[in-house]
There are 2 protein chains.
Amino acid sequence: MNTDYIKTFLAVYRSGSFVEVAKDQNLAPSSVSRSISALENLLKTRLFQRTTRNLTPTRAGEIYFERIAPLIEEMDLTHQSLIDAAATPSGRLRVTASVTYGQVVIAPRLKLFRERYPNIDVELLLSDGQVDLVNGQVDIAIRHGNLPDSTLVARKLADVNYRLVSSKTYLEQNEIPKSPDELRQHELVTFVYDNFRYAWVFEANGDTCTLPIKPALTISSAAAIRQCVINGAGISLLADWMIEEDLRKGRLVELLPDWKVSGASSDSAIWLVYPSSRFIPAKSKAFANFLLN
Amino acid sequence: MNTDYIKTFLAVYRSGSFVEVAKDQNLAPSSVSRSISALENLLKTRLFQRTTRNLTPTRAGEIYFERIAPLIEEMDLTHQSLIDAAATPSGRLRVTASVTYGQVVIAPRLKLFRERYPNIDVELLLSDGQVDLVNGQVDIAIRHGNLPDSTLVARKLADVNYRLVSSKTYLEQNEIPKSPDELRQHELVTFVYDNFRYAWVFEANGDTCTLPIKPALTISSAAAIRQCVINGAGISLLADWMIEEDLRKGRLVELLPDWKVSGASSDSAIWLVYPSSRFIPAKSKAFANFLLN
DNA sequence: TTCATAATTGCTTATAGCACACTAATGAAT
DNA sequence: ATTCATTAGTGTGCTATAAGCAATTATGAA
């Protein structure tokens, strides 16, 4: 069943002429004629009694019009409302991110986002485990490291640069390292992941130098590492987004700022991941663009 | 918009599997996939979040289902009820016939028709003028003579034979004619129409004889002619269907029964005419078949 | 009766829909 | 972890459907 047939029926019923409907809808009159005929064949009932000069609905045609017109209208409304909903950003947006990134980067920006898009209710799910994008009813996930899943669509939110940091108090009690090599004599705090726990990579003026490390503390949470370092536990490698404020407020101090430093695999970044490629809801786009600016 | 797409969407929503729906509806799974995709493109909204193992409706899909399912159901009901109405004889049947034929032939049979088809309400419009079949909302017309209208569809209800009749009292006062020729000396009563007023045609054993007549009375109504003849006004030519009962009850007597007699143009009949060719409602068919038996 | 216009029908072309074969993905079982 | 079975998605070719154009028929009005 094609509702276009029904729509031409409704138009013919209202205008009382095949030709007029054909003009209105940019169709050949023959198409209108055939549409009506097709409907009549389907219903096994004549809907209009017609000569070339006269077009009157049959009783069946009247009944059909009465019953079908509101249904078609309601259907169009339903469709249009879905299309509109896809076009204007609104509804509930579920965002997932790691606990730390959520607290440090996302949460502080949510107030401004709400001011800009008051129709989008944000639900922020902070979890360091993998959240299932497909079934978890999540609209956007923020992921660290390299692209996690090939079927999903990702946009790079930011490159991550690591900085060698320590607290003032630690530096007051220890010698300030002047080169990577000198770090060997220091209390090093590191992440448990393989990329970080065995070696750090330093780069400056085209020179690359890999420093095998023997960590004093190995911790699974970046936030905990940060806390330890602030408390003077030693020197660590932390992502720039996490310690920006700490540096500004002097809670942490950057060491060897002339060296670019990273874990063993250096190409880490923050990714913004959508669960499906084709239909990205307007609310998701709005949030993504907001974070990218 | 094709409602088949929506119907496959509904089926997928309910069953939760493309393949199952494909089997149910004898489609290739790829067709189901494409149907859903087409709908999604139309709505610019993803309706299902799917992997090869997992199919869950999105929020939009749920909303769409809630709103569209009752509409589709209602639409199907509407269509089916029209189809059913066309299949089972019921409703109001408007029949038109000449005043005399209606009174004499149709009306006496209506009681039996009602008993057989209690769901058909009959409206019998008796008129000697032409009733417009197309706009007059008439379902069946009964017409005399030759086919009146080429676009309409007609079935022959009965051949009409004419009989030469008179009343007993008239025959007691006059000589009984033994041959057509002897009619010249009688009081002849005739219809105004040209076919009848100038000559009557007699036929027997292959012989044809045209008798020019000089009518004593010329009347425009067959019923009035009949009444006059019953009252002894003379001899006339009347259609068999009109005088059958009169002959049985002796109110009229047939003359020259061995001769087949008619007006100038002999091929008259009673026709049953439908206003349109293609869709003959069940009620009309029922009435037509009833009259033909 | 003629005329102009409306519906219809035949014919041709363009589009859409379908099945088939194949690929990719993924959850479960081993 | 790896294999396996099953399921969604894609490319391709064929067929059915729908659209326009042109010609035909019909009919109400002048």
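Since this is a predicted model, take the numbers as computed values, not measurements. Naming: A, B, ... by sequence-line order, numbering from 1 per chain.
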How many whole angstroms separate atom [atom1] of [X] from atom [atom2] of [N]?
| X | N | atom1 | atom2 | answer |
| --- | --- | --- | --- | --- |
| Arg46(B) | dA8(D) | CZ | P | 13 Å |
| Leu27(A) | dT15(C) | CG | P | 15 Å |
| Leu55(A) | dA26(D) | CG | P | 18 Å |
| Phe18(A) | dT27(D) | CZ | P | 14 Å |
| Asn54(B) | dT6(D) | CG | C1' | 13 Å |
| Asn41(A) | dT17(D) | CG | P | 13 Å |
| Leu39(A) | dA18(D) | CG | P | 11 Å |
| Asp4(A) | dG17(C) | CG | P | 11 Å |

Compare side-chain N and O positions of [X] against OP1 and OP2 of [N] and report whether any pair is under 4.0 Å apart.
| X | N | answer |
| --- | --- | --- |
| Ser33(B) | dG9(D) | yes |
| Ser30(B) | dG9(D) | no |
| Arg50(B) | dA25(C) | no |

* To do: Verify the neighbour count for atom CD of Glu73(A): are there more than 12 heavy atoms of other residues, nucleotides or ligands below 6.0 Å?
  => no
* To do: Would you indicate what Tyr5(A) reaches in the nucleic acid, counting non-hydrogen atoms under 4.0 angstrom: base, sugar-phosphate, or nothing?
  => sugar-phosphate
* Base, sugar-phosphate, or nothing: which does Asn26(A) touch, judged by heavy atoms less than 4.0 Å apart? -> sugar-phosphate
* Residue pair Ser98(A) / Arg143(A), side-chain donor-acceptor N/O under 3.5 Å -> no
* Asked: Does a donor on one side chain sit under 3.5 Å from an acceptor on the other, for Thr56(B) and Arg50(B)?
  -> no
* Are any non-hydrogen side-chain atoms of His79(A) and Met1(B) less than 4.5 angstrom apart? -> yes
* Asked: Pick the nucleotide of DNA chain D nearest each of Ala28(A) and Thr52(A); which residue has the one closer to the 5' end?
  -> Ala28(A)
* Under 3.5 Å, is there an N or O donor on one side and an acceptor on the other linking the side chain of Arg34(A) and the base of dG10(C)? -> yes
* Hey, is the side chain of Arg53(B) pairing donor to acceptor with the base of dA5(D) inside 3.5 Å? -> yes
* Okay, side chain of Thr190(A), backbone of Phe196(A): is any donor-acceptor separation there less than 3.5 Å? -> yes
